[in-house]
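One structure is given below, encoded as structure tokens.
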Amino acid sequence: MGKTSTIQIQVGLDNDRIPEKIEWRATDSSEADRFQQAKAMLISFWDGGDKTALRIDLWTKQMMVDEMADFFFQTLMTMADTYQRATPYKDQADDLRAFAKDFYKKFEEKQKQEQ
């Protein structure tokens, strides 16, 4: 193996083990010397042996509902980009983008109804 990169994640928990603070840094980041703040994280690993996705999904108490909707929209859109780069199936990547747009539109409609 050639060069390696390290990603560190620190999660500060309250007494009930609910995340209050999420910080991360990566050795290949331009800001590798200090931790970056995050309100949420979604990490997935593929276990090729078991053919299962292993996930860590965390968000802090400060994460607002509108931020979560934005986070999911952007995550779904970048997942579509990744899928398109990794497979020959642009049509399915486009389907995922359409779903993400519809998801966000429905969120906006709910927000308007609640106001």
Side-chain angles (χ1 to χ4, degrees):
M1 181 185 309
K3 184 180 178 191
T4 62
S5 181
T6 300
I7 300 170
Q8 282 184 285
I9 300 168
Q10 293 184 162
V11 180
L13 305 172
D14 68 9
N15 291 336
D16 296 320
R17 301 182 49 84
I18 296 173
E20 289 186 311
K21 188 175 188 180
I22 299 171
E23 298 177 308
W24 69 276
R25 69 179 172 189
T27 55
D28 284 348
S29 168
S30 61
E31 310 245 359
D33 58 329
R34 66 182 184 88
F35 279 92
Q36 304 292 308
Q37 298 286 322
K39 287 187 177 181
M41 63 182 233
L42 304 173
I43 299 175
S44 298
F45 298 95
W46 180 248
D47 182 329
D50 288 342
K51 304 281 190 216
T52 58
L54 310 169
R55 298 181 16 245
I56 302 170
D57 303 338
L58 296 175
W59 58 95
T60 65
K61 298 175 187 180
Q62 294 81 24
M63 185 75 164
M64 304 304 296
V65 171
D66 63 322
E67 291 177 306
M68 187 62 85
D70 286 337
F71 183 43
F72 268 74
F73 171 73
Q74 291 179 34
T75 299
L76 290 166
M77 293 296 278
T78 57
M79 287 174 65
D81 295 342
T82 301
Y83 189 79
Q84 184 172 337
R85 284 193 312 272
T87 72
Y89 308 121
K90 182 183 180 307
D91 60 324
Q92 287 186 291
D94 288 340
D95 288 346
L96 186 51
R97 288 184 192 96
F99 171 79
K101 290 174 185 174
D102 186 56
F103 168 87
Y104 197 76
K105 180 182 172 190
K106 288 177 182 176
F107 165 76
E108 290 178 317
E109 290 168 0
K110 288 180 181 188
Q111 288 290 100
K112 286 179 187 174
Q113 290 173 359
E114 292 176 3
Q115 292 178 355

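Since the structure is predicted, the reported quantities are computational estimates derived from the model, not experimental observations. Quick note: numbers below take in every heavy atom, side chains included, and nothing from hydrogens, waters or symmetry partners. We number each residue from 1, following the sequence as shown.
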Selection residues 34-66 - residue pairs positive for ring-ring contact (aromatic ring centres under 6.0 Å, His included), sequence neighbours left out:
none
Set of residues satisfying side chain to side chain contact (heavy atoms under 4.5 Å, CB included) with respect to Ala26, sequence neighbours excluded:
Ile7, Trp24, Ser29
Could you list the donor-acceptor pairs under 3.5 angstrom formed between side-chain atoms of residues 106-115 and any protein atom two or more places apart in sequence or on another chain?
residue: Lys106; atom: NZ; partner: Asp102; partner atom: OD2; Å: 3.2

Sorted by chain and residue number, the salt bridge (Lys or Arg N to Asp or Glu O under 4.0 Å) partners of Asp50 (sequence neighbours excluded) come out as none
Under the rule for salt bridge (Lys or Arg N to Asp or Glu O under 4.0 Å), what residues qualify as partners of Lys105, not counting sequence neighbours?
none
Under a 3.5 Å threshold, yes or no: a donor from one side chain and an acceptor from the other, between Glu23 and Gln37?
yes
Do you know the tightest heavy-atom contact between Pro19 and Leu58?
CG-CD2, 4.1 Å
Can you measure from CE (Met64) to NZ (Lys39) and round to the nearest 0.5 angstrom?
7.5 Å
Taken to the nearest 0.5 Å, the spacing of Leu13 CG from Ile22 CD1 works out to 9.5 Å
Given the rule that I, L, V, M, F, W and Y join up when any side-chain heavy atoms are under 4.5 Å apart, are Leu42 and Leu54 in one cluster?
no
Treating Ile, Leu, Val, Met, Phe, Trp and Tyr as nodes and any side-chain heavy-atom pair under 4.5 angstrom as an edge, say whether Ile9 and Ile56 lie in one connected cluster.
yes
Using atom types as modelled, flag every donor-acceptor pair under 3.5 Å from a side chain in residues 68-92 to any protein atom, sequence neighbours excluded.
residue: Asp70; atom: OD1; partner: Tyr104; partner atom: OH; Å: 2.5
residue: Thr75; atom: OG1; partner: Phe71; partner atom: O; Å: 2.7
residue: Thr78; atom: OG1; partner: Gln74; partner atom: O; Å: 3.1
residue: Thr78; atom: OG1; partner: Thr75; partner atom: O; Å: 3.0
residue: Asp81; atom: OD1; partner: Arg97; partner atom: NE; Å: 3.4
residue: Asp81; atom: OD1; partner: Arg97; partner atom: NH2; Å: 2.9
residue: Thr82; atom: OG1; partner: Thr78; partner atom: O; Å: 3.0
residue: Tyr83; atom: OH; partner: Gln92; partner atom: OE1; Å: 2.9
residue: Gln84; atom: OE1; partner: Arg97; partner atom: NH1; Å: 3.2
residue: Gln84; atom: OE1; partner: Arg97; partner atom: NH2; Å: 2.8
residue: Thr87; atom: OG1; partner: Tyr83; partner atom: O; Å: 2.8
residue: Thr87; atom: OG1; partner: Tyr89; partner atom: N; Å: 3.2
residue: Lys90; atom: NZ; partner: Asp94; partner atom: OD1; Å: 3.4
residue: Lys90; atom: NZ; partner: Asp94; partner atom: OD2; Å: 2.8

Side chain of Thr27, backbone of Thr6: donor and acceptor closer than 3.5 Å?
yes
Contacts of Asp28 that satisfy salt bridge (Lys or Arg N to Asp or Glu O under 4.0 Å) - sequence neighbours left out:
Lys3
If Ile, Leu, Val, Met, Phe, Trp and Tyr residues are connected whenever their side-chain heavy atoms lie under 4.5 Å apart, and connections chain through other members, are Val11 and Ile18 in the same group?
no
Under the side chain to side chain donor-acceptor pair (under 3.5 Å) rule, collect the residues that match up with Lys51, sequence neighbours excluded.
none
Can you pull out every salt bridge (charged side-chain N to carboxylate O under 4.0 Å, His left out) where at least one residue sits in residues 10-19? Sequence neighbours excluded, please.
Asp14-Lys61
Please name the pair of heavy atoms, one in Asp57 and one in Ile43, separated by the smallest distance, quoted to 0.1 Å.
OD1-N, 4.2 Å
List in chain and number order the residues that pass side chain to side chain contact (heavy atoms under 4.5 Å, CB included) with Ser44, two or more places apart in sequence or in another chain; answer none if no residue qualifies.
Arg55
